[in-house]
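See structure below.
Note that the structure is a prediction, hence the values are computed from the model and not measured. Throughout, protein chains are lettered first and strands after them, A, B, ... in sequence-line order, and every chain is numbered starting at 1.
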2 protein chains.
Amino acid sequence: MLALRLTPKFQASQSVSMSKQKSVTISDIAKRVNMTTITVSRALNNPHQVKAETLARILEVARELDYVPNTFARSLKRDESLIIGVITASVDNPFYSEMIKAISREAKKHGYTIMLVDTDKLPELESKAVDTLLGYRVAGIILSPVSDEPQYQPDYLERLANGKTPVVLLDRTIHGSPFSRVVLDNYHSGYKAGQYLLQQNSGIKRLLVLTGPRHSRITEERLKGLRAVLGGNPRCK
Amino acid sequence: MLALRLTPKFQASQSVSMSKQKSVTISDIAKRVNMTTITVSRALNNPHQVKAETLARILEVARELDYVPNTFARSLKRDESLIIGVITASVDNPFYSEMIKAISREAKKHGYTIMLVDTDKLPELESKAVDTLLGYRVAGIILSPVSDEPQYQPDYLERLANGKTPVVLLDRTIHGSPFSRVVLDNYHSGYKAGQYLLQQNSGIKRLLVLTGPRHSRITEERLKGLRAVLGGNPRCK
DNA sequence: TTGTAGGCGTTATCAC
DNA sequence: GTGATAACGCCTACAA
């Protein structure tokens, strides 16, 4: 049973947040230490350019005031985004959530954060997702489209292809798109499965293959690979 | 077999991206239509405040140039963030990925995007995650801490509690913290399970309960609830 | 070692 | 209906 518990203090903190109190900026700190903003900025980013004493005071005040740099301002000024966009049709699919885990882990190593958009398998949301991510000027987009079918040619395709944002397709391909991709070679997988089976037992007569949807290209490719090894024409289901 | 395929065009697009060509801004559009930025801004945000003819031209040029509003600039100016931060110890845990899915879906409805941080169960990363999210001035943080133990009192706790960012704990609690939480009532769950079993068969003599780690509080609470219903003292394992 | 000036892209406020 | 001005918070010149 899921229990939602609201503490009195929560409600308090809520109303505080509603009052839109501004957050601490470097100029708040600057005033406190009788310096200009630039010195504070340097203390935070290039500490060695600041006199030890000044530095110490600044850092102290910063901590005291719970200063947290505004990433929007920084990204705007520096014209850089430390966000990597990930678009997937279903986070709750274990395959994708494992991928996301791996992506997330690697991104973190390099100082990037993941912005995750689940499209619920809706092309429309996928398109919006692309725009959202471009709005954040993401460093790159890892895209697992809603469909793998050749006729799926999303409207954002051209914009994305002409743009400067690196895109990598994951698991699914957009036919004819210029993006790099990380995909499963279905034919080869079937082929390898066949080889393995032959190694285990060279006298296979009948074979049961459990697949996904019967006529998906994925299924067909895998079966084709399998048949390529097993030669004859085992009855596959 | 995973296949990584790099197309020639990808390499090209990569090098383009490296050259940091600036993206289109409203002032680019403004120049093209001999207007000022404000008018363009209005055309995009309050279309009805702009003459139909002007509006049309602006929108056309915007599309032509593949204009995408810079969210950093907008958020900075408006002092608002449309990001919701989600901190979890393991995205690849099906329980959490389902949660994330649900959160994501709901967030989208209201125009918010999810920023996902997986802490890999490391308190240190959790702390960094909080800072990262605060840097983005997120609208709120949904936090599933690395630990549920009472002695886990992360360093960011005070900052977060005093701050103005709404926080909701998910699945795990930080003992003594003022945040609202969505958690499982383990005792009650055990209790209900017991009731259900009794309904099915009132003559239970021996019961096998599959639990998680034997002495975790979770396990113990559930068992306690169970025993409360089943009265006597069934041998539980 | 510290400061001045200006601008990143956008929008709020007040004019015309 | 449109514009001039300034500001959001930060940082990159270029001084002093």
Side-chain angles (χ1 to χ4, degrees), chain A residues 20-59 61-62 65-83 131-132 134-139 164, chain B residues 20-59 61-62 65-83 131-132 134-139 164:
Chain A
K20 287 236 175 192
Q21 57 177 209
K22 297 177 215 104
S23 33
V24 196
T25 73
I26 49 173
S27 68
D28 292 330
I29 301 180
K31 278 175 208 153
R32 288 276 232 111
V33 298
N34 287 321
M35 296 264 143
T36 54
T37 61
I38 187 61
T39 307
V40 177
S41 172
R42 278 196 276 252
L44 266 26
N45 298 299
N46 306 64
H48 58 284
Q49 285 182 27
V50 175
K51 189 166 62 177
E53 189 193 350
T54 318
L55 178 62
R57 269 199 308 155
I58 292 181
L59 293 184
V61 173
L65 263 44
D66 283 337
Y67 169 76
V68 182
N70 185 320
T71 310
F72 292 135
R74 174 178 299 193
S75 288
L76 179 58
K77 175 65 188 174
R78 292 194 180 162
D79 190 28
E80 77 174 3
S81 173
L82 293 179
I83 302 177
D131 281 333
T132 303
L134 291 181
Y136 282 101
R137 302 292 187 268
V138 292
K164 52 170 193 167
Chain B
K20 288 236 175 192
Q21 57 176 208
K22 295 179 213 101
S23 33
V24 208
T25 73
I26 50 174
S27 69
D28 292 329
I29 301 180
K31 278 176 208 153
R32 288 274 232 112
V33 298
N34 288 320
M35 296 266 144
T36 55
T37 60
I38 303 83
T39 308
V40 177
S41 172
R42 278 197 275 252
L44 267 24
N45 297 299
N46 306 63
H48 59 283
Q49 286 182 28
V50 175
K51 190 165 60 176
E53 190 193 350
T54 318
L55 178 61
R57 271 201 304 156
I58 291 181
L59 293 184
V61 173
L65 265 42
D66 283 337
Y67 169 76
V68 181
N70 185 319
T71 310
F72 292 135
R74 174 180 302 201
S75 288
L76 178 58
K77 177 63 188 173
R78 290 195 179 161
D79 190 28
E80 77 174 3
S81 174
L82 294 179
I83 303 177
D131 281 331
T132 303
L134 292 180
Y136 282 100
R137 302 291 186 267
V138 293
K164 52 172 191 164

d([atom1], [X]; [atom2], [N]) in whole Å:
X       : N      : atom1 : atom2 : answer
B/Arg78 : C/dC8  : CZ    : P     : 20 Å
B/Lys77 : D/dG9  : NZ    : P     : 10 Å
A/Ile26 : D/dC11 : CD1   : P     : 6 Å
A/Lys22 : D/dG9  : NZ    : P     : 8 Å
A/Leu76 : C/dT11 : CG    : P     : 12 Å
A/Asp28 : D/dC8  : CG    : P     : 11 Å
A/Asn46 : D/dC10 : CG    : C1'   : 13 Å
B/Asn70 : D/dC8  : CG    : C1'   : 13 Å

Give a yes/no answer on whether the side chain of [X] brings an N or O atom under 4.0 Å of OP1 or OP2 in [N].
X       : N      : value
B/Thr39 : D/dG3  : yes
A/Tyr67 : D/dC10 : yes
B/Thr36 : D/dG3  : yes
A/Ser41 : D/dC11 : yes

Could you tell me whether the side chain of A/Tyr67 reaches within less than 4.5 Å of the side chain of A/Val40, counting heavy atoms only?
no
Compare all side-chain heavy atoms of A/Lys22 with those of A/Asp28 and state whether any distance is below 4.5 angstrom.
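No - every pair of side-chain heavy atoms lies 4.5 Å or more apart.
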Step by step, work out the side-chain contact (heavy atoms from CB on, under 4.5 Å) result for B/Arg74 and B/Asn45.
CA-CA 11 Å; B/Arg74 174 180 302 201; B/Asn45 297 299; 3.7 Å; yes
Do you see a donor-acceptor pair shorter than 3.5 Å between the side chains of A/Ser75 and A/Arg137?
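No, no side-chain donor-acceptor contact under 3.5 Å.
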Of B/Phe72 and B/Ile38, whose nearest nucleotide on DNA chain C comes first from the 5' end?
B/Phe72
Touch check for B/Ser75, heavy atoms < 4.0 angstrom, all strands: base, sugar-phosphate only, or nothing?
nothing
NA contact type, B/Thr54, heavy-atom cut-off 4.0 Å: base, sugar-phosphate, or nothing?
sugar-phosphate
Could you please name the option among [options] that lies closest to any side-chain atom of [X]?
X       : options                : value
B/Thr25 : C/dG9, D/dG3, D/dC11   : C/dG9
A/Thr37 : D/dT2, D/dG9, D/dC11   : D/dC11
A/Asn45 : C/dT10, D/dC11, D/dC10 : D/dC11

After noting the C-alpha distance and the side-chain angles of B/Thr39 and B/Ile58, does the key distance pass the side-chain contact (heavy atoms from CB on, under 4.5 Å) rule?
CA-CA 9 Å; B/Thr39 308; B/Ile58 291 181; 4.1 Å; yes
Relative orientation of the end axes in the helix from C/dT1-D/dA16 to C/dC16-D/dG1, expressed as an angle to the nearest 10° (five pairs per end)
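That helix gives 30° between its end axes.
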Nearest-nucleotide wise, let me know which of B/Arg42 and B/Ala73 is further upstream toward the 5' end of DNA chain D.
B/Arg42
Going through the distances and angles, do B/Thr71 and A/Phe72 end up as a side-chain contact (heavy atoms from CB on, under 4.5 Å)?
CA-CA 8 Å; B/Thr71 310; A/Phe72 292 135; 5.6 Å; no
Short question: side chain of B/Asn46, backbone of B/Gln49 - any donor-acceptor pair under 3.5 Å?
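No.
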Any chance you could lay out the side-chain contact (heavy atoms from CB on, under 4.5 Å) test for B/Thr54 and B/Val33, step after step, and finish with the verdict?
CA-CA 8 Å; B/Thr54 318; B/Val33 298; 5.9 Å; no
